[in-house]
S.K.: 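Here it is, the structure, as structure tokens.
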Amino acid sequence: MATDKIHVKTTINGRPEEFLTDPYVSLLDALREIVGLTGSKEGCLDGNCGACTVNVNGRIVDSCLVLAAEVDGQKVETVEGMASADGLHPLQQAFLEEAALQCGICTPGFLVASKGLLDNEPNPSEGRIRHWLAGNLCRCTGYENIIKAVKKAAENS
Amino acid sequence: MTINFESKKKYNVIGTNPIRHDGYDKVTGRAIYGADVKLPGLIWGEVLRSPYAHARIKSIDTSKAEKMDGVFAVITSKDIPINKNRSGIDVNLKRDVDNILAYEKVLYKGHPVAAVSAADRNTAKEACKLIEVKYEILEPVKNVDEAIAKNAPILLEDIEADHLGKTVNNTNIAKHFRHELGDANNEFKNSDYILEKEFNLQMVHQGYIEPHNATAHWDENDHLSLWSSTQGMFAVRDLTAGFLDLPISKVTSNYVEIGGGFGGKTKVYLPPVAAILSKKSGHKPVKIIMDRISVFQGSGPAPGGKIIVKIGVTNEGKINSGAVDIKLEAGAYPGSAIPAAAVCCLACYNIPNIRVDAYDVLVNKPKSAAYRAPGSPQVSFAVESVIDEICEKMTWDKIDFRIANASKEGTRKPDGVLYHKIGFIETLEAAKNSDHWNSKIDKKDKNKIYGRGIACGYWHNGGNRSTVDLILQDDGNIALNEGSADIGGTRTSISMQVAETLGMPVESIHPSIPDTDKIGFTATTGGSRTTYATGYAGWEAANKLIEEMKKRVSILWEEPEEEIDFADGNFYSKKSDLKMNIEELATKINPTGGPVTSTASVNLSAAGNGFGIGICDLEIDPHTGKTDVIRYTAVQDVGKAIYPQYAEGQIRGGAVQGIGWALNEEYYIEKDGTMANTSFLDYRMPTALDMPNIDVIMVEVANPLHPFGVRGVGEVPIVPPLAAVGNAIKDATGSRIYSTPMKPRKILEVIDNG
Ligand code: FES
Ligand code: FES
């Protein structure tokens, strides 16, 4: 089943990246297995859990539903790109302070999705946050602390 | 042995909310979960699963798959070492091993029949398709009624079932046992009012977001290293060693972070399969990740079943008799949550006459696994619905009636065990005084109908074995090793108990979870046992460390040990004014005999019984049946909340799972016995949009069996929601739904039929 690999030139968390991929490989698998960024998680591989959420050119996407070859020439941001040399992103800090994670497997997806919201809407209402995050499943927390953390981060940034 | 503790009122560390130790790794994407494990030369495995719910395997031809480019090995159950001598295997181990790779028969859709290792995941998947399996399809057994019907197809042809002490063959009832207290059958004669109802429940899934996974490396020296998402790395070691006929010392189970379990990651599915593949692939490490469909079809649902409850009361408002018949779906192999269900069903109430008949029933669905307070939500749905109906019929206040009948110290549970100090009445009082119970339902929309329900729940919580090691480091900090999988903050809740004992800030304690070779046996994280039992071991290890440090202080001060006191992190001389804190001692300790370490292992038999109450307000659209929880309050006796933010988080998360179970979640089974809704789209778990904020009221009636009063928190909260939601639907519509899930179609039915 040998297929020709595709050469992908992209930007991941602000840094240029190049890799070769089979055409059928998802962005999630490319990030995890080729680039070596395992912060984005696999929960379902069918677009229903949001654990794999990343940001492509300013839009949040389920990376399990995007082909790796599609991000050629695009800008990809993952959870690994959120903290800076100055420390955690306000969302990350708020998630810690508000106990917005229990097992933590959904956390990278929620963080990237929440950042996607706050980047465009600095002061979302609770209803707006709940609506925005309805594509991300968390089975541990019952969501309340996640919503509180996003509100807190909005206030602090 | 049981020591009784006085509860102390003031703590420095316990009851605070520090940032959890593993938090930074988990918000930055650095934390290593099972799927993130990378090893040199890693290859991938995949499992081929049965497309049928019930079938006999006629033949398996692996030759085409073996020849495919990139494939290393193909295995079936014949390759499992203990299957070489089937007659010699203990029956329970045989059932477990048949569940990981089917032998002769497949018993549910998704039952593994073969596995492949290949250079990459995709090749492994493709190779699975080349395996040719011939089946003789058998009639599936889809529920408990079909299982016990005359001439039902039999799942396990070699079964020797225990029915009230008699051995029975050719049955799908894997076990029938009974609890009796007093004389339930005759006592119903003295009841002034008796209500009997039948309830039916569908299977549900724990729904952890991280799928099962395993990485195994079987090296040339026959040493096996495992990494897998599990609530119990020791259970993975022991079961895998058992299947592979290896001594446990040849198996190392490594700790990796776990993305949710809720009881479902107490079973072992993939590690032995990955291990055999590793050995057969030239000792390369092999990783397997279960896809989501297989997680639903092939791993741990919680049992559905049929429950009949009969409760008799006197005109004075006392329950005098209770009888419960429980038939739970074990799935394909024996071992549902029936033992716990048989105790939990009537555990909330002081009932002099009790009969419980409990049946573990085999059906062609995946082998059921624990799910948060296993067995209790199902039976409590039934019992708390009947209690609600009795209160309405007799016009009794729903909380006062429960207070009048509540279990307390000295009450016997259905299995005859006496309660020590418990906090159920205090919890009921707290519910009665809560803002929620004392305010009206917020009826915002006149096109909707509204209702309120209340229900109680019980879980006994677990004890068992745990180990904690402490090392005083030269800078005065403490390295802590423990063996409990941390699913949501237990590294910190254990460290907090050590910090409290040592009089140190929790930031000075550095917890790690090493592999199974580097820490004493610690039982699986489950049964709400970790903060209780591993915390207890931490407290004991800290006390041992203090004793050892006192010896060193006595050398330094040249004073006898008995003259040295320890309080709040400081050593004092009783006769002079010498004083030293732990940090200072650490810098001076080496000449007194080298590093100071301690270890403590416990095996706790009893834990603290936990009780909870749910108050639920619902808004129902009478035209569509869409139902929203608009307010929910969870009240629970936690004994002592060590790490309140995370104790509350457990309660919220449990309540939301219970609400999902009540309203939406089910294994929707087709006529051919297979599950129709195997994705998160169709298996509809609550989203952020579906849930209101959950008010949590924690009651602290200290558990006398724990130094800080801990009872265990995680499981009770999933119990009350099912009946609380059902009772609220009754309140809103005037009709009751006697089955789960209480989905829109059923709600419309009761509205239309009055
Ligand atoms: S893994 Fe992509 S949405 Fe679940
Ligand atoms: S914290 Fe476990 S799924 Fe969200």
Side-chain angles (χ1 to χ4, degrees), chain A residues 1-2 22 24-25 29 32-33 36-49 51 78-80 82-83 88-89 91-93 95-109 111 127 129-148, chain B residues 17 19-20 22-33 35-36 38 68-70 120-123 126 206-211 257-262 289 291-293 487-489 645-646 648-657 679-681 685-694:
Chain A
M1 268 218 334
D22 283 312
Y24 53 77
V25 167
D29 281 349
R32 293 179 52 83
E33 304 302 331
L37 295 175
T38 55
S40 307
K41 301 300 180 193
E42 166 181 336
C44 66
L45 296 186
D46 55 17
N48 285 304
C49 77
T78 71
V79 68
E80 286 94 341
M82 282 182 70
L88 295 179
H89 186 278
L91 276 162
Q92 292 171 312
Q93 186 63 33
F95 268 57
L96 288 181
E97 289 170 6
E98 294 300 320
L101 56 149
Q102 283 176 30
C103 78
I105 198 80
C106 68
T107 308
L111 285 167
I129 299 170
R130 284 186 176 275
H131 203 274
W132 183 270
L133 294 178
N136 291 72
L137 291 175
C138 174
R139 190 59 156 173
C140 297
T141 64
Y143 302 104
E144 183 165 334
N145 290 2
I146 296 175
I147 308 301
K148 274 194 207 151
Chain B
N17 288 312
I19 301 285
R20 61 195 270 187
D22 54 338
Y24 295 95
D25 283 346
K26 287 181 176 163
V27 297
T28 52
R30 278 196 305 265
I32 302 296
Y33 293 77
D36 307 330
K38 300 258 196 248
M68 184 175 164
D69 255 5
D120 59 67
R121 195 174 176 186
N122 195 58
T123 307
E126 293 296 321
Q206 296 83 350
Y208 31 80
I209 304 299
E210 177 203 34
E257 300 305 332
I258 162 174
F262 315 108
I289 299 178
D291 60 32
R292 179 55 57 179
I293 294 174
I487 320 185
Q645 248 184 350
Y646 280 83
E648 273 183 31
Q650 287 287 323
I651 294 173
R652 281 203 182 92
V656 168
Q657 282 183 317
S679 81
F680 281 139
L681 186 63
M685 308 198 309
T687 71
L689 205 49
D690 300 320
M691 282 299 125
N693 289 334
I694 306 273

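If you're wondering where the values come from, they're calculated on a predicted model, not measured in any experiment. Both backbone and side-chain heavy atoms feed into the values below; hydrogens, waters and symmetry mates do not. Reminder, nothing fancy here: chain letters follow the sequence lines and each chain counts from 1.
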S.K.: Please report the interatomic distance CG(B:D22) to CG(A:L96), rounded to the nearest 0.5 Å.
M.R.: 9.5 Å
S.K.: So, A:E144 side chain and B:R652 main chain: donor-acceptor pair closer than 3.5 Å or not?
M.R.: no
S.K.: Do A:R130 side-chain atoms and B:M691 backbone N/O form a donor-acceptor pair below 3.5 Å?
M.R.: yes
S.K.: Could you check B:Y208 against A:I105 for side chain to side chain contact (heavy atoms under 4.5 Å, CB included), going step by step and ending with a plain yes or no?
M.R.: CA-CA 9 Å; B:Y208 31 80; A:I105 198 80; over 6 Å; no
S.K.: Between the side chains of B:E257 and A:K41, is the shortest nitrogen-to-carboxylate-oxygen separation below 4.0 Å, so that they form an ion pair?
M.R.: no
S.K.: Which atoms of B:Y24 come close to chain A, meaning under 4.5 Å heavy atom to heavy atom: side chain ones, backbone ones, both, or neither?
M.R.: both
S.K.: What I'd like to find out is whether the side chain of A:N145 reaches to under 4.5 Å of the side chain of B:E648, using heavy atoms alone.
M.R.: no
S.K.: To the closest 0.5 Å, what do you measure between CG (A:L111) and OG1 (B:T28)?
M.R.: 9.5 Å
S.K.: Run the numbers on B:K26 and A:L101 for side chain to side chain contact (heavy atoms under 4.5 Å, CB included), then give the verdict.
M.R.: CA-CA 8 Å; B:K26 287 181 176 163; A:L101 56 149; 3.6 Å; yes
S.K.: Looking at every heavy atom in both B:Y33 and A:C103, which two are closest together, and how far apart are they?
M.R.: OH-O, 2.7 Å
S.K.: Are the side chain of A:Y143 and the backbone N or O of B:D690 linked by a donor-acceptor pair below 3.5 Å?
M.R.: no
S.K.: Does any backbone or side-chain atom of A:L88 lie under 4.5 Å from a heavy atom of chain B? Answer side chain, backbone, both or neither.
M.R.: side chain
S.K.: So do A:C140 and B:Q650 actually touch side chain to side chain, heavy atoms under 4.5 Å?
M.R.: no
S.K.: Looking at B:P686 and A:L137, what are the two nearest heavy atoms and their distance?
M.R.: O-CD2, 4.0 Å
S.K.: Give, for atom CG of A:D46 and atom OG of B:S679, the distance between the pair rounded to the nearest 0.5 Å.
M.R.: 5.5 Å
S.K.: Of the listed residues (B:T687, B:I651, B:I293, B:L681), which shares the most heavy-atom pairs with chain A below a 4.5 Å separation?
M.R.: B:T687
S.K.: Can you tell which of B:I487, B:V656, B:I32 has the highest number of heavy-atom pairs within less than 4.5 Å of chain A?
M.R.: B:I487
S.K.: If you count heavy-atom pairs within less than 4.5 Å of chain B, which of A:G36, A:A99, A:C44 leads?
M.R.: A:A99
S.K.: Which one wins on heavy-atom pair count under 4.5 Å against chain A: B:P692, B:G23, B:P211, B:G489?
M.R.: B:P211
S.K.: Quick one: CZ on B:R30 to OG1 on A:T38, what's the gap to the nearest 0.5 Å?
M.R.: 11.5 Å
S.K.: Would you say B:D120 and A:E33 make side-chain contact, with heavy atoms under 4.5 Å?
M.R.: no
S.K.: Roughly how far, to the nearest 0.5 Å, is the CD atom of A:Q93 from the CD1 atom of B:I19?
M.R.: 6.0 Å
S.K.: Pick one of side chain, backbone, both or neither for A:T141, based on which atoms fall under 4.5 Å of a heavy atom in chain B.
M.R.: backbone
S.K.: Count the heavy-atom pairs under 4.5 Å between each of A:Q92, A:H131, A:E97 and chain B, then report the option with the highest count.
M.R.: A:Q92
S.K.: Using non-hydrogen atoms and a 4.5 Å limit, figure out which bit of A:L45 sits close to chain B: side chain, backbone, both or neither.
M.R.: side chain
S.K.: Report the option among B:G259, B:A688, B:G29, B:G653 that has the most heavy-atom pairs separated by less than 4.5 Å from atoms of chain A.
M.R.: B:A688
S.K.: Nearest 0.5 angstrom please: B:F262 CZ to A:Q102 CD, how far?
M.R.: 7.5 Å
S.K.: Is there a donor-acceptor pair closer than 3.5 Å between any side-chain N or O of A:R32 and the backbone N or O of B:A35?
M.R.: yes
